[in-house]
Amino acid sequence: MLAPFGARTVRGIVVNLSDSSPVQDTRDLIGLISPPVMVAPERIGLALWIADYYLSPLFDAIALMLPPGFGNKNPPKAKYLKYLTLNTATGRADCPGKAGAAKGIKQKEVLLLLEDSGGRLPLSRVLSRVKCGSSVIKTLLLKKLVGLEDEEVFRDPLARQDFALEFPLQFTQEQQQAWQPIETAIREVPANRRHGAFLLHGVTGSGKTEIYLAALAETIRQGKRGICLVPEIALTQQITERFFARFPGRVAVIHSRLSAGEQYDGWRRISRGEFDVVVGPRSAIFAPQPGLGLIIVDEEHEWAYKQADKMPRYHARDVAIHLAQLTGAVLLLGTATPDIGTYHGAMDNRLQLIELKERVSARGNSPLPEVTLVNMSEELKAGNRSIFSRLLHQQVTLSLEREEQVMLFINRRGLATFIECGNCGLVFSCRRCSGTLTYHAAVNRMVCHHCRRTYAAALKCPVCAGVDIKYLGIGTETVEAECRRLFKTARVLRFDSDAVAGAKAYVKQLGMFRKREVDIMIGTQLIAKGLDFPGVSLVGVISADTGLNLPDFRSAERTFQLLCQVAGRAGRACVPGRAVIQSFKPGYYAIKYAAKHDYPGFYKQEIKYRAAFGYPPFSSIIRLVVSNLSEEKCSRQASLMANVLKQQIAVQGLAGVRLIGPAPAHLARLRGRYQMQIIILGQHLQGLLKDINFPAGWIVDVDPVGML
Ligand code: ADP
Ligand code: ZN
């Protein structure tokens with residue numbers, strides 16, 4: 001609605017109607033925005049919940065439900081094309097005798113062209129074909145020989161793509177069993193359902209996507225529609241291609257890389273019910289899909305579902321759970337490595353657990369890869385100082401001999417991740433951040449991974465002038481250089497965010513690997529996710545330990561997930577797969593259970609640890625971070641806030657709420673700003689914070705995915 005606000009007119013949204021007003025003098029609304037924007041009641045309900053739960057301003061929450069660009073200075077507009085139409089009663093070119101007939105040659109040419117083209121053409125086409133000016137058209141319009149019409153054209157990112165049609169596969173016995181309760185839930189009315197929310201826990205390649213497709217097809221048969229969330233745009237390709245092939249012309253893809261016009265048009269077409277399925281990353285949960293009957297969250301454990309960088313800091317999986325409750329839609333969370341909280345929900349019967357334990361593929365069952373753990377301390381003892389254990393070296397050689405592909409995984413970029421002066425021990429760090437610098441050979445510079453600032457490679461220590469600069473710590477570039485040295489004839493490709501900038505490079509390099517133009521691919525977690533390469537027989541994890549020392553209660557869970565995902569890349573097709581995981585702590589439970597593909601084993605141990613320390617899912621966490629250019633101001637603000645919190649806890653008589661901090665954040669300084677954090681643990685913490693005023697510089701993050 002347009003509303004008067006002082007002397008100005010502002011745009012607003014009607015959330016609720018009421019008979020009385022808290023203020024005395026009210027003014028009338030001016031009218032509807034043109035074109036009007038409608039938000040379905042359950043979406044308003046969703047926005048209210050988001051504002052409440054994630055402690056964000058209501059407008060920020062509602063803005064998620066509005067057409068893309070609604071808040072912009074120049075919001076996107078629908079695009080129209082002008083069509084010229086022949087007035088058949090009067091405009092026949094061969095009736096020169098009639099009243100108002102065309103006189104000039106050009107006028108006749110226009111009428112002839114229209115007649116030959118079925119009486120209707122875009123104006124621009126007519127002008128260019130007849131090579132006439134607009135005065136000719138004006139004359140024809142005046143004589144009422146032709147008419148002019150506006151027709152909306154949609155900017156469609158998929159308009160020129162073709163997809164081969166595919167048909168559903170015959171389910172395996174295990175899939176059939178998994179499918180039964182889901183099918184039942186989709187067919188039942190929400191009120192009669194025993195279970196409408198499912199956790200589909202299936203190892204990589206167990207046929208989860210096939211079940212998503214069947215669930216969508218059944219939802220469509222029931223006259224309803226679906227939304228399918230995928231964690232990252234980069235990963236949408238493989239899954240969307242399968243969706244297009246199964247539901248041609250009925251799938252909309254939305255994501256932030258589309259142009260403003262494409263996003264706007266997509267939103268409106270979706271809201272008109274033009275698509276059975278909407279696919280996209282986290283923001284797709286807010287697509288105005290009418291008649292919602294099914295919400296799928298693929299790879300539900302992925303942290304990319306959390307909006308971490310701006311308000312509202314929502315988690316799309318949790319929003320999906322809530323939206324499913326509001327709309328009665330069936331909810332399907334799929335993953336090979338469930339989030340600990342999600343699995344706990346299944347153990348508590350809030351979600352129905354469905355398991356797929358076997359891999360399927362078009363060529364029959366292909367077993368999970370055999371995983372071998374290598375203790376790198378033993379390698380050192382045996383005099384092997386290489387980053388390759390003897391086993392991994394031997395296995396890579398074998399795979400290359402058999403002309404099979406290899407993936408090597410290291411979760412750090414660069415050639416040296418730690419640079420120090422051999423004389424005085426100075427560690428080179430960023431001037432603006434508290435992090436250490438990484439040497440990147442490709443650009444021959446030291447780079448800060450936090451702010452991306454780069455420095456000339458150090459030859460001399462700035463403190464003691466010593467020249468013994470040690471470049472230590474291994475990254476993707478180190479592994480690349482070693483591969484080129486050890487496996488001289490192999491074609492090596494490094495796949496990390498340095499080497500692969502932008503979506504085009506991403507698709508191109510993956511294409512090269514798929515076409516087997518590459519023998520060894522080296523990558524960060526970018527290659528760990530969701531990708532399916534039939535030629536890969538060996539996966540090597542250079543170091544499983546990189547994430548273990550981080551001060552975050554989720555570091556074990558994170559390590560377990562990554563290792564499972566990485567190992568799952570091997571042997572996705574005809575060749576049997578093998579994974580070699582190198583570690584200095586092979587007995588550590590996250591590593592041990594990942595090597596055995598034993599999720600329940602890992603969960604049992606992890607949940608004990610969470611319970612013992614009162615960490616989620618046994619409590620909720622809100623993370624408060626304040627930053628300031630001045631270290632002193634930063635820490636003063638943090639302690640003031642801690643005092644306010646303590647008072648509130650006392651006033652409200654909250655039992656079992658714990659504060660950790662204030663303490664410097666893991667990165668004590670970022671881009672020149674100091675950062676302090678306070679962690680709050682407890683139940684229903686929103687009530688504690690609702691009335692606290694957070695000045696500028698504070699970040700309030702409910703259910704943070706990381707503590708760093
Ligand atoms: P996930 O999503 O669990 O990784 P997918 O659904 O992608 O598993 O299935 C893995 C592979 O097995 C795909 O190539 C898929 O086409 C194939 N597949 C899945 N189900 C069947 C089936 N019932 N019969 C034959 N092939 C199948
Ligand atoms: Zn920096």
Side-chain angles (χ1 to χ4, degrees), residues 164 166-179 199-217 228-231 235-243 245-246 279 296-302 332-338 354-369 414 419 427-438 440 445-455 514 528-536 564-565 567-574 577 597 599 627 666-675:
E166 273 177 19
F167 296 98
L169 301 168
Q170 181 77 38
F171 274 156
T172 63
Q173 211 172 5
E174 197 185 32
Q175 276 173 322
Q176 186 57 40
Q177 240 172 38
W179 168 240
L199 169 58
L200 184 56
H201 177 206
V203 294
T204 44
S206 59
K208 295 186 292 295
T209 310
E210 205 52 42
I211 292 195
Y212 302 160
L213 289 163
L216 283 167
C228 177
L229 300 185
V230 288
L235 293 179
T236 51
Q237 180 131 355
Q238 281 193 352
I239 198 163
T240 44
E241 277 176 9
R242 282 171 75 181
F243 280 33
R246 212 57 78 77
V279 187
I296 298 166
V297 183
D298 187 31
E299 311 282 0
E300 66 82 28
H301 65 279
E302 279 286 345
L332 206 50
L333 308 177
T335 174
T337 51
I354 293 178
E355 291 180 302
L356 291 173
K357 295 186 170 155
E358 291 159 19
R359 274 183 164 190
V360 277
S361 79
R363 295 165 197 82
N365 276 10
S366 55
L368 280 166
I419 305 157
V427 175
F428 286 79
S429 61
C430 179
R431 271 181 226 131
R432 303 196 300 160
C433 312
S434 49
T436 57
L437 297 176
T438 297
H440 286 245
R445 289 181 77 80
M446 305 191 296
V447 182
C448 171
H449 284 183
H450 305 292
C451 72
R452 302 211 182 128
R453 189 171 176 148
T454 71
Y455 300 80
R514 182 162 290 125
K529 296 180 185 167
L531 302 166
D532 199 351
F533 299 104
V536 175
C564 286
Q565 303 280 346
R569 296 304 115 219
R572 289 295 297 258
C574 32
H597 307 288
Y599 182 86
S627 68
H666 177 60
L667 203 60
R669 194 155 161 254
L670 176 65
R671 291 190 183 87
R673 296 177 74 88
Y674 290 87
Q675 307 192 102

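Remember, predicted model here, so these are calculated numbers, not experimental data. Each residue takes its place number in the sequence, starting with 1. In listed order, ligands and their atoms are each counted from 1.
- Contact annotation: Cys451 places an N, O or S atom under 2.8 Å from the Zn ion (ligand 2).
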Going through the checks in order, is the side chain to side chain contact (heavy atoms under 4.5 Å, CB included) test met by Thr337 and Glu299? CA-CA 8 Å; Thr337 51; Glu299 311 282 0; 5.8 Å; no

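- Applying the side chain to side chain donor-acceptor pair (under 3.5 Å) test between Thr335 and each of Glu300, Glu302, His301, His201 identifies His301 as the sole match.
- Checked against a 3.5 angstrom limit, the closest N/O atoms of Gly205 and ligand 1 fall inside it.
- Every atom of ligand 1 is numbered from 1 in the order shown, and the set under 4.0 Å from a heavy atom of Gln170 is 22 (C), 23 (N), 24 (N).
- When each atom of ligand 1 is checked for a heavy atom of Phe171 under 4.0 Å away, the hits are 23 (N).
- Of all atoms in ligand 1, listed by their number and element, those nearer than 4.0 Å to a heavy atom of Val360 are 10 (C), 11 (C), 12 (O), 18 (N), 19 (C), 20 (N).
- Side chain of Arg359 to main chain of Thr204: a donor-acceptor pair is present (N/O by atom type, distance under 3.5 Å, no hydrogens or angles).
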Run the numbers on Glu210 and Arg246 for salt bridge (charged side-chain N to carboxylate O under 4.0 Å, His left out), then give the verdict. CA-CA 10 Å; Glu210 205 52 42; Arg246 212 57 78 77; 3.0 Å; yes

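- For the residue pair Leu356 and Ala178, the shortest heavy atom distance occurs at CD2-CB, 3.9 Å.
- Summarising the local packing, CD of Gln177 is surrounded by 12 or fewer heavy atoms from other residues, nucleotides or ligands at distances under 6.0 Å.
- Listed for the Lys357 side chain is no donor-acceptor partner under 3.5 Å among the backbone atoms of Ser206.
- Considering backbone and side-chain atoms together, Glu210 places an N or O closer than 3.5 Å to an N or O of ligand 1.
- Ligand 1 places these atoms under 4.0 Å from at least one heavy atom of Thr172: 23 (N).
- Residue contacts to the Zn ion (ligand 2): His449 brings no N, O or S atom closer than 2.8 Å.
- Summarising the contacts of atom 13 (C) of ligand 1 with Arg359, Gln173, Arg242, Gln175, the nearest heavy atom is found in Arg242.
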